[in-house]
Structures are given as structure tokens and as C-alpha cells.
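What follows is a set of notes on a single structure, which appears directly below.
Computed from a prediction, not measured in an experiment: that's the story for all the values here.
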Amino acid sequence: MAEGERRSQPGSSEDIPPATQNFIIPKKEIHTVPDMGKWKRSQAYADYIGFILTLNEGVKGKKLSFEYRVSEEAENLVATVVPTHLAAAVPEVAVYLKESVGNSTRIDYGTGHEAAFAAFLCCLCKIGVLRVDDQIAIVFKVFNRYLEVMRKLQKTYRMEPAGSQGVWGLDDFQFLPFIWGSSQLIDHPCLEPRHFVDEKAVNESHKDYMFLECVLFITEMKTGPFAEHSNQLWNISAVPSWSKVNQGLIRMYKAECLEKFPVIQHFKFGSLLPIHPVTSC
């Protein structure tokens, strides 16, 4: 694991803040390109990428229909139910939720907004609302429902892609469901990466696998040959295994999203995802 990527389990006791913690309203800290160094060394970066990778392991080899235990807090997460003794954390955590649905002025949406929702879930784990046992539910129930809502908004309001790289990007709007979706497909007995460009395979299995659901949405929203409108994905279909696809997408996410100033300049830092350098173990 690279330097600065200390990985912890979401909702573990070491993450849960003391009752006396002073929560603060998150604010932007990355104002210029040189500030990106602070981001890469920050506790926020280490906690965020650790959260993404922990969930990646949790969904490995599992269908969206996988039976899992969901705590009462997770089931009511969308209703923002937070225990009374953590009420002080609500204003801080809510900032990430507000940032996750796109920009109301530009009517755009992209991976930075998606990252804000992942940060929202990460914060809920850090205050103990979600726990280790909720890993699968976080991705399959909560994040997947978030995707459904955002796809509806994208269709209804014809939202512009925020910072899209066009045909050179993986997708106009999302990235995380490709990472977690490829993890779901690791060691699948039948489906290989080459199959996701096969319309029949996608139609038959998209309800079970997040990656295929993403591909289906792309084909519904775009016209023309897949190799032309989604060239990066087309190239990925030639990778021999889902494990290699997953590893490659994690590297790509770091390089194309987490290390890009236009994306991270909008990220906000508070007491739960702080800008200060990562603490040594």
C-alpha cells in the first residue's frame, strides 16, 4: 500500500470520535495546484481511499441480490437518522450529502459529486452510525440507490458532465460503481471482461452486477458503436481477468479523479475528514 494510505475498517472503534469532539463545518482547502500535495498527505485522503478499498473487498464476488444483515441505522440512512448523542455531527456530515447531487447553478454532475457522497458515507462510518457489518449494505443498498436517483436526475434534467474527458474518460458521470462492480465479478464462473460489450450478457445479468448496470445505462444514453462513444471501456473489455480490471480501475481512479486539481479543489475538509497530515501508526 502506498505511503499515506493507512487503511482502517469503516465503523471500527478506532474511528468513532469521542463525545467531546468538536465538529466543524467542512470547507475547501485546495485552492491552487501546489495544494494537491497537502491532499495526498492528508488524513482525509488516507481515510477516504481506505474506505473505498475496504468496500471493494467487502463486495468481492457477491451479487447485488446477496443476502446481508442491515442495521436499523443503515436502513434509515437516507432519512438521516443519527443518534441523539451525535447530533452535533449532523451539520458537518450533511455538507457532503448536499455536495453529492450536482451543481444547481451549472446543472452538472461528475465524479467530484460522487466522491462527496462516498465521503458522506465514510463520515457516517467514522461516527459509528455504520459499522463493519454494514459494508455490503453500504454499497448494494445505499450507494446503489444513490446511483438510481442520480441516473433519474441525469435523464430528467439532462445534466452536463462535470469535467468530462469525452471519449477518453471512463464514463461521463460515475467511477466508483465500475470499481466495486468489477470486484463483484472477480472469479465469476461465466462472465469475463469481454462479455460486458455483449448486449445479451448485459441484459441477462445487469440486475445482479453494478458494472453491467453502468454499461446498460451508457448504452441507453448514447448512440453509435460502443467502441466509439466509450473507447476506454471498450479497451478494458480486452483485459483478461476481472481482478486485473479491478486493480487497473483503482489506479485509474487515483490518477484521473483523486489526483486531479479540477476535481479535488471542490472537496471539503472538516474534523472527520481533516486536511492535516496522516498520523503515523
Partners passing side chain to side chain donor-acceptor pair (under 3.5 Å) against Lys62 (at least two apart in sequence or in another chain):
none
Could you check whether any side-chain N or O of Ser205 sits under 3.5 Å from a backbone N or O of Val202, counting only pairs where one atom can act as donor and the other as acceptor?
no
Do Glu259 and Tyr253 have side-chain atoms, one donor and one acceptor, less than 3.5 Å apart?
no
Side chains of Asn56 and Val139: does their closest heavy-atom pair fall under 4.5 Å?
no
Glu213: partners by salt bridge (Lys or Arg N to Asp or Glu O under 4.0 Å), with sequence neighbours left out:
none
Scan residues 186-195 for pairs that pass salt bridge (Lys or Arg N to Asp or Glu O under 4.0 Å), counting only residues two or more places apart or in two chains.
Glu192-Arg194
Regarding Glu199 and Thr219, do their side chains bring together a donor and an acceptor under 3.5 Å, going by distance alone?
no
When you measure from the side chain of Asn231 to the backbone of Glu228, do you find a donor-acceptor pair of N or O atoms at a distance under 3.5 Å?
no
Test salt bridge (charged side-chain N to carboxylate O under 4.0 Å, His left out) on Arg151 and Glu148; report intermediate values, then the result.
CA-CA 5 Å; Arg151 285 168 181 155; Glu148 292 172 1; over 6 Å; no
Rounded at 0.5 Å granularity, tell me how far NZ in Lys141 sits from CG in Leu64.
12.5 Å
Measure the spacing between CE of Met221 and CD1 of Ile218 and express it to the nearest 0.5 Å.
10.5 Å
Centroid separation His229 to Phe226 less than 6.0 Å:
yes
Taking the side chain as every heavy atom from C-beta outward, state whether Leu185 and Val245 have any atom pair closer than 4.5 Å.
no
Can you measure from CG (Leu176) to CD (Glu114) and round to the nearest 0.5 angstrom?
4.0 Å
Test log, rule side chain to side chain contact (heavy atoms under 4.5 Å, CB included), inputs Leu170 and Phe175:
CA-CA 7 Å; Leu170 182 68; Phe175 204 116; 3.7 Å; yes
Heavy-atom check, side chain of Gln174 versus side chain of Met150, under 4.5 Å:
yes
May I ask you to check whether over 12 heavy atoms, not counting those of Lys63, lie within 6.0 Å of atom NZ?
no
Look at the side-chain heavy atoms of Ile, Leu, Val, Met, Phe, Trp and Tyr, link any pair under 4.5 Å apart, and say whether Phe217 and Tyr109 land in one connected group.
no
Considering only heavy atoms from C-beta outward, does the side chain of Leu124 approach that of Val93 to under 4.5 Å?
yes
Nearest-0.5 Å distance that lies between atom OG in Ser237 and atom CD in Gln232:
11.5 Å
Please determine whether residues Val95 and Val142 belong to a single hydrophobic cluster, defined as Ile, Leu, Val, Met, Phe, Trp and Tyr linked transitively by side-chain heavy-atom distances below 4.5 Å.
no
Nearest heavy atoms of Gln184 and Asp208, plus distance in Å:
NE2-O, 3.1 Å
Residues two or more places apart in sequence or in another chain: which of them pass side chain to side chain donor-acceptor pair (under 3.5 Å) with Ser243?
Gln247
4.5 Å side-chain heavy-atom contact, Thr111 and Phe173
no
Supply the atom-to-atom distance Tyr209 OH to Ser183 OG, rounded to the nearest 0.5 angstrom.
11.5 Å
Parallel, tilted or perpendicular, as decided by the 30° and 60° cut-offs, for the rings of Tyr48 and Trp39:
tilted
Taking only residues two or more places apart in sequence or in another chain, which ones pass ring pair (Phe, Tyr, Trp, His ring centres under 6.0 Å) with Phe211?
Phe178, Phe196, Trp242
Side chain Ser42, main chain Tyr45, donor-acceptor under 3.5 Å:
yes
Cluster link Ile25 to Phe23, ILVMFWY, side chain under 4.5 Å
no
Quick one: does Glu92's side chain have a donor or acceptor within less than 3.5 Å of a partner on Ser271's backbone?
yes
Test of understanding: with salt bridge (Lys or Arg N to Asp or Glu O under 4.0 Å), list the residues that count as partners of Glu99, not counting sequence neighbours.
Lys268
Within the structure provided, determine whether Asp134 and Val129 are in side-chain contact (heavy-atom separation under 4.5 Å).
no
Heavy-atom distance under 4.5 Å between the side chains of Leu273 and Pro26, does that happen here?
no
Could you pull out all residues at least two apart from Glu204 that satisfy salt bridge (Lys or Arg N to Asp or Glu O under 4.0 Å)?
Lys200
Residues in side chain to side chain donor-acceptor pair (under 3.5 Å) contact with Tyr96, at least two apart in sequence or another chain
none
With sequence neighbours excluded, tell me which residues meet side chain to side chain donor-acceptor pair (under 3.5 Å) with Glu29.
none
Output all residues satisfying salt bridge (Lys or Arg N to Asp or Glu O under 4.0 Å) with Lys155, sequence neighbours left out; order by chain, then residue number.
Glu220
Please name the pair of heavy atoms, one in Tyr146 and one in His113, separated by the smallest distance, quoted to 0.1 Å.
OH-O, 3.6 Å
When you measure from the side chain of Asp35 to the backbone of His31, do you find a donor-acceptor pair of N or O atoms at a distance under 3.5 Å?
yes
For Ile250 versus Leu53, what's the shortest heavy-atom pair and its separation?
CD1-CD2, 3.6 Å
Closest heavy-atom pair, Ala201 versus His195, reported as atoms and distance to 0.1 Å, is CB-O, 3.5 Å
Could you report the tightest heavy-atom contact between Met210 and Gly181, atom names first, then the distance?
CB-CA, 3.9 Å
Supply the atom-to-atom distance Met36 CE to Leu258 CG, rounded to the nearest 0.5 angstrom.
8.0 Å
Looking only at heavy atoms, the pair that brings Ile179 and Asn246 closest together is O-ND2, 2.8 Å
Taking Ala44's backbone N and O only, do any of them form a donor-acceptor pair with Asp47's side chain (distance below 3.5 Å, no angle check)?
no
Does Ile24 sit in a hydrophobic cluster with other residues, and if so which ones, taking ILVMFWY side chains as linked at heavy-atom separations under 4.5 Å, directly or through other members?
none
Residue list, side-chain contact (heavy atoms from CB on, under 4.5 Å) with Pro262, at least two apart or on another chain
Lys260, Gln265
